[in-house]
Protein chains: 2
Amino acid sequence: MSCHESEILTKIVLTIFRLNGCLIQAGDELVKSLKLTSAKWQVMGAVTLAGKALTAPQIAVAMGITRQGAQKQVNAMVKEGLMILQPNSGHKRSPLIALSELGARVYEKVDRIWVDWANQLATGIPDHDLLETLHTLEKIRERLVNNTRG
Amino acid sequence: MSCHESEILTKIVLTIFRLNGCLIQAGDELVKSLKLTSAKWQVMGAVTLAGKALTAPQIAVAMGITRQGAQKQVNAMVKEGLMILQPNSGHKRSPLIALSELGARVYEKVDRIWVDWANQLATGIPDHDLLETLHTLEKIRERLVNNTRG
DNA sequence: ACTCAATTGACAACCAGTTGGCAAGTGAGT
DNA sequence: ACTCACTTGCCAACTGGTTGTCAATTGAGT
């Protein structure tokens, strides 16, 4: 029944809310010893994953948040010496943002911690289940984005 | 490989972050016409789901947030006339919180909107996939909570 | 070159959650 | 009855995100 479907989806949504909270909390815990937060970690991750320096709006898109939100974290991290601004030949006002040497070192540490932790969390859950879940979540997100914007 | 597992889990985590944002945004959109927000909607849902009036800390537990966070929403909604305080014979300081008549009417509307919306979102995704996903997410959350607190 | 819409960074105000501290209420042990 | 740990409501400060406004920059159309 379609009524049934909405019930399952409701439970999934509530679980996602809870998981989001738990994950941020766990993430903050994981990086606390390195004086980081989940938010800053994610900014570093976005730049690292891109493999090149990005502008603040590009980081925002990569993270799925607003440019102002990303900018806040970037400004803070530049001030802390974790990131550095490179003049952007293509845009005078919008510098490219990269990890500083310190930032790169810190991120390397954080990534090792994360991989260990994630592997530990994943043990006992079949790869197949994880893949299926990822796939279904992506499908939901796709439909969500199309629905909202359409 | 366990390295592979952590990669899948990383993608799942990032998708959950994104989904959380999208869902809150979509939720705010859904209830905007009723002058509600996702947060207030969730509080109403917690009380309705319980089938009885709850104290603020009980609502917080049900929502998986801190008591102060729940209290903020409750205080606001009492002020708006969506919820009412009932004297708690078991605890002088901690009144039971229930939906007012207005609140119940509003929640009924919101629930109808949500069920329609959720069913539409779920169509095209097999029930089986949704159930599997729910199950796996719950498993992850369980392991997460045990890990963090253990 | 000029114009005008879009992008961008800075700033302010706000929302929803967190932590921490305080005073009042509760209840179990003695 | 007393004590002491715990719960609870309120308050303030903080974090991480949002929206909105502004001025500077950019670039495409003319």
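Below, chain A is the first sequence line, B the second, and so on; all start at residue 1.
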Notebook entry, point to check: Can you tell me if B:S6 uses its side chain to pair, donor with acceptor, with the backbone of A:A118 under 3.5 Å?
Noted result: no
Check: Start at the 5' end of DNA chain D and walk down; is the nucleotide closest to A:A39 or to B:I97 reached first?
Finding: B:I97
Note to self: Any base atoms under 4.0 Å from B:S94, or only sugar-phosphate, or nothing? Heavy atoms, all strands.
What the structure shows: sugar-phosphate
Check: CG of A:N88 versus P of C:dT7: gap in Å, rounded?
Finding: 16 Å
Checklist line | Protein-nucleotide distance (B:K32, atom NZ; D:dT19, atom C1'), rounded to Å | finding: 12 Å
Note to self: In this structure, how many angstroms lie between the C1' atom of C:dG9 and the CG atom of A:L96, rounded?
What the structure shows: 14 Å
Next item on the list: Would you mind reading off the distance between B:D28 atom CG and C:dA16 atom C1', rounded to a whole angstrom?
Entry: 10 Å
Checklist line | Ion pair A:R105/A:E108, N-O distance below 4.0 Å | finding: no
Next item on the list: Would you mind telling me which residue lines up with the more 5' stretch of DNA chain C, A:T55 or B:M63, judged by nearest nucleotide?
Entry: A:T55
Item checked: Selection from C:dT26, C:dG9, D:dT18 that lies nearest to any side-chain heavy atom of A:I65 -> D:dT18
Note to self: Under a 4.0 Å threshold between the charged nitrogen and the carboxylate oxygen, would A:E142 count as salt-bridged to A:K139?
What the structure shows: no
Next item on the list: Kindly check if the number of other-residue, nucleotide or ligand heavy atoms within 6.0 Å of CD (B:Q86) is above 12?
Entry: yes
Note to self: With nearest nucleotide decided by heavy atoms, which residue, A:Q68 or B:A70, maps closer to the 5′ end of DNA chain C?
What the structure shows: A:Q68
Next item on the list: Write down the distance between CG (A:L19) and P (C:dG17), rounded to a whole number of angstrom.
Entry: 16 Å
Next item on the list: Check every atom of D:dT18, D:dG16, C:dG9 against the side chain of A:A56 and return the nucleotide holding the closest atom.
Entry: C:dG9
Checklist line | Carboxylate-amine/guanidinium contact A:K35 A:E80, below 4.0 Å | finding: no
Checklist line | Nearest-nucleotide comparison on DNA chain D, the residue closer to the 5′ end among A:G69 and B:H91 | finding: B:H91
Note to self: Is there a side-chain contact between A:T66 and the phosphate of D:dG17, meaning an N or O under 4.0 Å from OP1 or OP2?
What the structure shows: no
Check: Looking at D:dG17, does its base get a donor-acceptor pair with the side chain of A:Q71 below 3.5 Å?
Finding: no
Check: How close do B:I97 and B:V47 get, heavy atom to heavy atom, and via which atoms?
Finding: O-CG1, 3.9 Å
Note to self: Using a heavy-atom cut-off of 4.0 Å across all strands, would you classify A:Q73 as base, sugar-phosphate, or nothing?
What the structure shows: sugar-phosphate
Next item on the list: Could you state the atom-to-atom distance from CD1 of B:I24 to P of C:dG17 in whole Å?
Entry: 7 Å
Check: Distance check: side-chain N/O of A:N75 vs OP1/OP2 of C:dG9, anything under 4.0 Å?
Finding: no
Margin query: Whether the side chain of B:R93 and the base of D:dT8 hold a donor-acceptor pair under 3.5 Å is what I'd like checked.
Written below: yes
Item checked: Rounded interatomic separation in angstrom, taking NZ from A:K92 and P from D:dG27 -> 11 Å
Next item on the list: Mind checking A:T37 for me? I need base, sugar-phosphate or nothing, with any heavy atom below 4.0 Å counting as a touch.
Entry: sugar-phosphate
Check: B:Q25 CD to D:dT18 P: how many Å, rounded?
Finding: 8 Å
